[in-house]
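Worksheet: one structure, shown below.
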Protein chains: 2
Amino acid sequence: MRDVARRAGVSVATVSRALDGSSTVAEETALLVQNAVEALDFVPNISARTLKYGQSRALGVIIPDLSNPFFFEFLREFEALASANEQVVLLANAETSTGGPRSSVRQMLMRLVDGVVVMPSIDELEPYQLLTLRKVPTVAIDSRRVGPYFSDVSLMHEEGMLQAVGCLKELGHRRIAFIAGSEGLFISSIRLEAFRSALRKHLIPERAGYIRAGNYRVDGGDREMRALLELRDRPTAVIAINDMTALGALRAARAASVSVPGDVSVIGFDGIELDEVVSPTLTTISVSRAHMAKSCHTALKELQTARHHEGRQFQVPVELVRRQSTGPARRLRKAVL
Amino acid sequence: MRDVARRAGVSVATVSRALDGSSTVAEETALLVQNAVEALDFVPNISARTLKYGQSRALGVIIPDLSNPFFFEFLREFEALASANEQVVLLANAETSTGGPRSSVRQMLMRLVDGVVVMPSIDELEPYQLLTLRKVPTVAIDSRRVGPYFSDVSLMHEEGMLQAVGCLKELGHRRIAFIAGSEGLFISSIRLEAFRSALRKHLIPERAGYIRAGNYRVDGGDREMRALLELRDRPTAVIAINDMTALGALRAARAASVSVPGDVSVIGFDGIELDEVVSPTLTTISVSRAHMAKSCHTALKELQTARHHEGRQFQVPVELVRRQSTGPARRLRKAVL
DNA sequence: CTGAAAGCGCTTACAG
DNA sequence: CTGAAAGCGCTTACAG
């Protein structure tokens, strides 16, 4: 910057103001600076500004180590929003990072990020309080809590499950099972509760052994689907906590020569791009990643200016997308024939 | 830091030295500082250090906007390495970022990253020269070039294609097609050349219309597979430039009621996790993401200390993984029967 | 082994 | 409209 100033024949203060844009600089001076900047290919040093401002124009994203395409798809959207705002995305993986979530949080603090998106389960939410204590705007997915410097972006699981169960009911299904996530995880229990509540609203009884604990991954879905298929009163439909689990369920059905949707219908949750690649294509409760990313970004921005920096809840709509993995229940089909 | 110094009853210089670890500090002084740090929950401000050092302990990753799980899987591995080195990952998407690659590069420069991984096609390599000019260690995947501050991590396409074609030949295939990436992209032409060279080495003729231009995505693979299946002398085997393309090819075959591997064999490239989820599971030329991430990380480290900061080439081995999508060629099968 | 001081590159009241 | 100067939080030769 000193070089630029020298070349333009002005002071560094003037250069700074000229680059800032909002400050008052004579037009010809600005031009002089502009030329010098281009001639020297000047790139400002952000850390100097950060040191001054206490803000780095960087946003952190802390993602759990689930090998889930959904997160990548979210990340893509979020990065686009950040870069449109001249912000950069700092990535940290809560699990694989040496030191776990605490070290991720520490990195975010050391770098004075302008905000952090956390995609954890509630069990792990505690380490992130360090962020809000230090007044770093933080938004968590599906934490269902708000507070100072802390907002929540929640998916509308209830509506999604209601639609899914409703759709199955229409197709004649009464024996509907659910493959949840790992036991004890909060998100898992939210979706499970949403499922149960949907059953109740549709007056469908919950059956013994119909609620299974998966692990959000393909292998968990595969394993639990096998178990379900071995039940005496085998379900005619299965809803999975996410698409990866549902894909595992499809695989298990294939391996057991159980036809989908002929013998059993399957519904996932997320709406990842793969759903349309597998066969049968997967019916799913689809979440708009763009909407989710937008909510997260807005939430972080709002927290900076909100009164008392108090957070609020954002709702992300979901939508049942019907594809090949759902069809009429066996019994109904026979009746029709 | 001033607070810590005050509380510990020492100067900030001493605090800095105590935290540094390598400097000489009396043991009891160090303890005093340690206590103060803990009492105040002190988190150092990295930008101050960056300002001083000119290094930020951040690594940039610039990824093209391909909706390809392979990149995420790579990113995961790379992030783990970075965080084990107390480095953070700065993510930029070359395409979606407003301003394209140039603005991504600018962000990296402004933030004084210690190195950058670029995963582009050669067409786009030029903007990244700004990095090496400014002495930022840069490593590109499959660029096949090296230079000052510039290393290359190349996959061993030739070996992979040789194995793939060899495997198909053994199974009796002679009519082998290839679905490439977008025309004009360098990576696409590397893999295509590797395929052609493999054909030559195995004395298999290349047929008209057997080389197709896809787009690295499912829809491109789908589209080109349909075209291939409509040929009069339909191929008995298809190799795709990457797994997403191969998955598209599988879908097209399914839609056309063409059996895989009964009527046609399919081989992908990458080895993404999904290959084992689809049906039939996908035979692929698998690339170790861990190895690739390790090479990139090492390359960046090396460039800082190398003589004249001259880059070099790293080779990442690949390996054919046989799964369900490959089988004996029709003709051979008949002969056997 | 420790402290005072300079300096990294920027921004911004404060004068003029 | 512009310049000189202080200061952001850290590190590190330089004395002691």
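Letters A, B, ... are given to chains in the order of the sequence lines, protein chains preceding strands, and every chain is numbered from 1.
Nucleic acid contact class of B:A13 (heavy atoms, under 4.0 Å, all strands): base. When heavy atoms are screened at a 4.0 angstrom cut-off, A:T29 is found touching the sugar-phosphate backbone but no base atom. B:V15 comes within 4.0 angstrom of nothing in the nucleic acid, heavy atoms only.
Between D:dG3, D:dG9, C:dG3, one nucleotide has an atom nearer to the side chain of B:S11 than all others, and that is C:dG3. Considering only the side chain of B:Y53, D:dT12 comes nearest among D:dG3, D:dC10, D:dT12. Closest to the side chain of A:N45, from the set D:dT2, C:dG9, C:dT2, is C:dG9. Closest to the side chain of A:P44, out of D:dC10, C:dC10, C:dT11, is C:dC10.
For the OP1/OP2 pair of C:dG3 and a distance below 4.0 Å, the side-chain nitrogens and oxygens of B:T14 include at least one atom meeting the criterion.
Between the CD atom in A:Q129 and the CZ atom in A:F150 there is a gap of 8.0 Å [rounded to 0.5 Å]. Expressed to the nearest 0.5 Å, how far CG of A:L91 lies from CG of B:L59 amounts to 12.0 Å.
Taking the six-membered ring for Trp, A:F74 and A:F78 have ring centres closer than 6.0 Å.
Between B:L19 atom CG and C:dC1 atom P there is a gap of 17 Å when expressed in whole angstrom units. Atom CE of B:M1 is separated from atom C1' of D:dT12 by 11 Å (rounded to the nearest Å). Distance A:D20 CG to C:dT12 P: 7 Å, rounded to the nearest Å. Counting to the nearest Å, the C1' atom of C:dT12 and the CD atom of A:Q55 are 16 Å from each other. In this structure, CG of A:L112 is placed 12 Å from C1' of D:dC10, rounded to the nearest angstrom. Atom pair B:E28:CD and C:dT2:P shows a separation of 8 Å (rounding to whole Å applied). B:K52 has its NZ atom 11 Å from the C1' atom of D:dG9, to the nearest Å. What separates CG of B:L32 from P of C:dG3 is a distance of 11 Å, to the nearest Å.
Using P as the reference atom, D:dT2 and D:dA6 are 23 Å apart when rounded to the nearest Å. A distance of about 22 Å separates the P atoms of D:dA15 and D:dT11, rounded to the whole Å. Here, C:dC1 and C:dA5 have their P atoms 23 Å apart, quoted to the whole Å.
Proximity of a side-chain donor or acceptor of A:D142 to a complementary backbone N or O of A:L155 within less than 3.5 Å is detected. Remark: side-chain polar atoms of B:T50 are not paired, donor with acceptor, to backbone N or O of A:S47 under 3.5 angstrom.
Within the shown strands, nothing qualifies as a pairing partner of C:dA13 under the Watson-Crick or G-U definition with both distances less than 3.5 Å.
If you find the closest nucleotide of DNA chain D to A:A26 and to A:V12, the one lying nearer the 5' end belongs to A:A26. Along DNA chain C, the nucleotide nearest to B:L51 and the one nearest to B:V25 differ in position, and the one closer to the 5' end is contacted by B:V25.
Shortest non-hydrogen contact noted between A:H297 and A:A82 is NE2-CA, 4.0 Å.
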